[in-house]
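Accompanying notes for the structure given below.
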Amino acid sequence: MYQCWPLEILASDNKFNTVMLSRLFKKKSAAQPLDIARVPEGRRIYAIGDIHGRNDLLLKLIEKIDADDQQRGKAATEIIFLGDLIDRGPDSAGVIETAMKLKQERGHVRFLMGNHEEVYLAAAAGSEKATRFFNRIGGKETILSYEISIREYMDLDNNALAERLPDLIPSHHIEFVKNFENQIVIGDYAFVHAGIRPGIALEEQKPKDLRWIREEFLSAKDPHEKVIVYGHTINDDVIEKGNRIGIDTGAYYTEKLTALALEGEQRWYLDTALSQ
């Protein structure tokens, strides 16, 4: 189920016939450009970008979100994680624990499946192929955030490591991540990890595109069915285009974890930049 991540995912997929859907989306999206996109009244949304193992930054950003939320008027507050909670940074296990605690204590917290979670699940199931790829994309740091020493890790070849992972990674972490969603639609916004395939209805998007797509989505100029909020692609600052908002600011090495906040037609940003 989770092994749809081979390297060819990173290449372009087959072309789709988008003429009729493009006409439909242009007609529907005329009232939904970024400058007037909105979420339903009474709801306040905080969307958090790619964390990549930086539990310290996540805790700092949650404090900022709570302070911001408390100083505003009453609303039904929701938090959405855009995926890639794990890998690269030093404490992926801690990030998962924090995320589970937030979900348990607050309820209105949702999580999107990123490409890194997809590979994590495959590796945790004992796949030798997945384990090899996992290590290539930052999984080493995730593995070392569990109960294994660097010496033991270095002594294991890939086959042995693949056999070790199902016992190393706690089952409650696996079950938690398995329940991550592919997309979330609220008002005029759609939240995904990587992006969408242009010209394809949201309900028909494939999980591999929602988790892995890049250039074809980023180069699309026409309006989408909704304004797309995404992570996956790192930029120095938030990217706002007419049809999308990107909030992956490379937290694992920049120290800047970013959240987009939405209420009615308003949007604003919070982050953990060192200058703040």
Side-chain angles (χ1 to χ4, degrees), residues 1-13 49-58 81-101 103 111-183 192-195 206-214 231-234 248 250-253:
M1 175 179 180
Y2 295 101
Q3 297 186 20
C4 55
W5 47 265
L7 292 179
E8 57 265 26
I9 288 175
L10 303 178
S12 296
D13 292 314
D50 301 34
I51 302 163
H52 278 305
R54 292 299 304 267
N55 193 44
D56 55 336
L57 298 183
L58 174 58
F81 287 72
L82 296 185
D84 282 6
L85 282 68
I86 60 168
D87 295 349
R88 298 177 177 164
D91 195 10
S92 291
V95 172
I96 294 176
E97 286 292 328
T98 297
M100 293 176 66
K101 184 178 180 181
K103 177 66 175 178
F111 303 88
L112 291 168
M113 180 78 71
N115 57 314
H116 286 258
E117 280 83 25
E118 183 179 290
V119 180
Y120 167 86
L121 291 174
S127 166
E128 186 275 334
K129 184 178 180 180
T131 299
R132 188 181 304 280
F133 189 45
F134 189 42
N135 274 298
R136 288 179 55 191
I137 63 172
K140 173 183 176 181
E141 290 78 9
T142 297
I143 294 168
L144 291 173
S145 72
Y146 290 106
E147 295 298 321
I148 184 172
S149 68
I150 183 66
R151 180 171 182 175
E152 181 184 357
Y153 173 85
M154 296 299 293
D155 285 344
L156 296 173
D157 62 19
N158 192 69
N159 288 331
L161 182 60
E163 293 176 359
R164 179 83 166 84
L165 290 183
D167 294 325
L168 178 66
I169 300 176
S171 59
H172 64 284
H173 281 199
I174 300 302
E175 292 306 311
F176 176 67
V177 175
K178 278 183 178 179
N179 288 315
F180 286 10
E181 301 175 72
N182 287 321
Q183 62 174 293
V192 301
H193 173 63
K206 296 180 178 180
K208 70 176 182 179
D209 287 330
L210 297 171
R211 300 171 190 171
W212 293 89
I213 200 168
R214 202 182 301 274
H232 188 60
T233 298
I234 296 174
D248 182 358
Y252 73 95
Y253 71 92

Quiz item: How many angstroms lie between atom CE of M113 and atom CZ of R211, to the nearest 0.5 angstrom?
Solution: 5.0 Å
Quiz prompt | Under 3.5 Å: donor-acceptor pair, side chain of E181, backbone of L112 | solution = no
Quiz item: Quick one: are H193 and D50 in side-chain contact, heavy atoms under 4.5 Å?
Solution: yes
Exercise. Give, for atom CG of L210 and atom CG of N115, the distance between the pair rounded to the nearest 0.5 Å.
Key: 11.5 Å
Quiz item: Checking S127 side chain against A123 main chain: does a donor-acceptor pair fall under 3.5 Å?
Solution: no
Practice problem: Could you please spell out the steps behind the side-chain contact (heavy atoms from CB on, under 4.5 Å) verdict for V192 and N182? | Solution: CA-CA 7 Å; V192 301; N182 287 321; over 6 Å; no
Practice problem: Heavy atoms only: give me the nearest A125-P166 pair and the separation to one decimal. | Solution: C-CG, 4.0 Å
Quiz item: Do I51 and L57 have side-chain heavy atoms sitting under 4.5 Å apart?
Solution: no
Practice problem: Please round to the nearest 0.5 Å and tell me the distance separating atom OH of Y120 and atom CG of L165. | Solution: 9.5 Å
Quiz item: Quick one: does N158's side chain have a donor or acceptor within less than 3.5 Å of a partner on E128's backbone?
Solution: yes
Quiz item: Is it true that atom CD of E147 has more than 12 heavy atoms of other residues, nucleotides or ligands lying nearer than 6.0 Å?
Solution: no
Quiz item: Hey, mind stepping through I148 and L156 against side-chain contact (heavy atoms from CB on, under 4.5 Å) and telling me if it holds?
Solution: CA-CA 11 Å; I148 184 172; L156 296 173; 4.3 Å; yes
Exercise. Check whether any side-chain N or O of D248 sits under 3.5 Å from a backbone N or O of G49 as a donor-acceptor pair, and report yes or no.
Key: no
Quiz item: Between A251 and R54, what is the shortest heavy-atom contact and its length?
Solution: O-NH1, 3.6 Å
Quiz item: How long is the gap from CD on E152 to CG on L161, to the nearest 0.5 Å?
Solution: 9.0 Å
Exercise. First locate atom CZ of R214, then atom CG of D209, and finally report the distance between them rounded to the nearest 0.5 Å.
Key: 13.0 Å
Practice problem: Using the test ring-ring contact (aromatic ring centres under 6.0 Å, His included), find all partners of F111 that sit at least two apart in sequence or belong to another chain. | Solution: F81, F176, F180
Self-check item: Spatial distance of atom CD1 (I213) from atom NZ (K206) [nearest 0.5 Å]
Solution: 11.0 Å
What pairs of donor and acceptor atoms, side-chain ones from residues 85-97 against any protein atom, are under 3.5 angstrom apart with sequence neighbours left out?
residue: D87; atom: OD1; partner: T142; partner atom: OG1; Å: 2.5
residue: D87; atom: OD2; partner: H116; partner atom: ND1; Å: 2.6
residue: R88; atom: NH1; partner: H52; partner atom: NE2; Å: 3.4
residue: D91; atom: OD1; partner: G94; partner atom: N; Å: 2.9
residue: S92; atom: OG; partner: D87; partner atom: N; Å: 2.8
residue: S92; atom: OG; partner: T142; partner atom: OG1; Å: 3.1
residue: E97; atom: OE2; partner: H172; partner atom: NE2; Å: 3.2
residue: E97; atom: OE2; partner: H173; partner atom: NE2; Å: 2.6

Practice problem: Would you check, one step at a time, whether the test side-chain contact (heavy atoms from CB on, under 4.5 Å) holds for I143 with N135? | Solution: CA-CA 9 Å; I143 294 168; N135 274 298; 4.1 Å; yes
Exercise. Test side-chain contact (heavy atoms from CB on, under 4.5 Å) on Y252 and D84 and set out the steps.
Key: CA-CA 11 Å; Y252 73 95; D84 282 6; over 6 Å; no
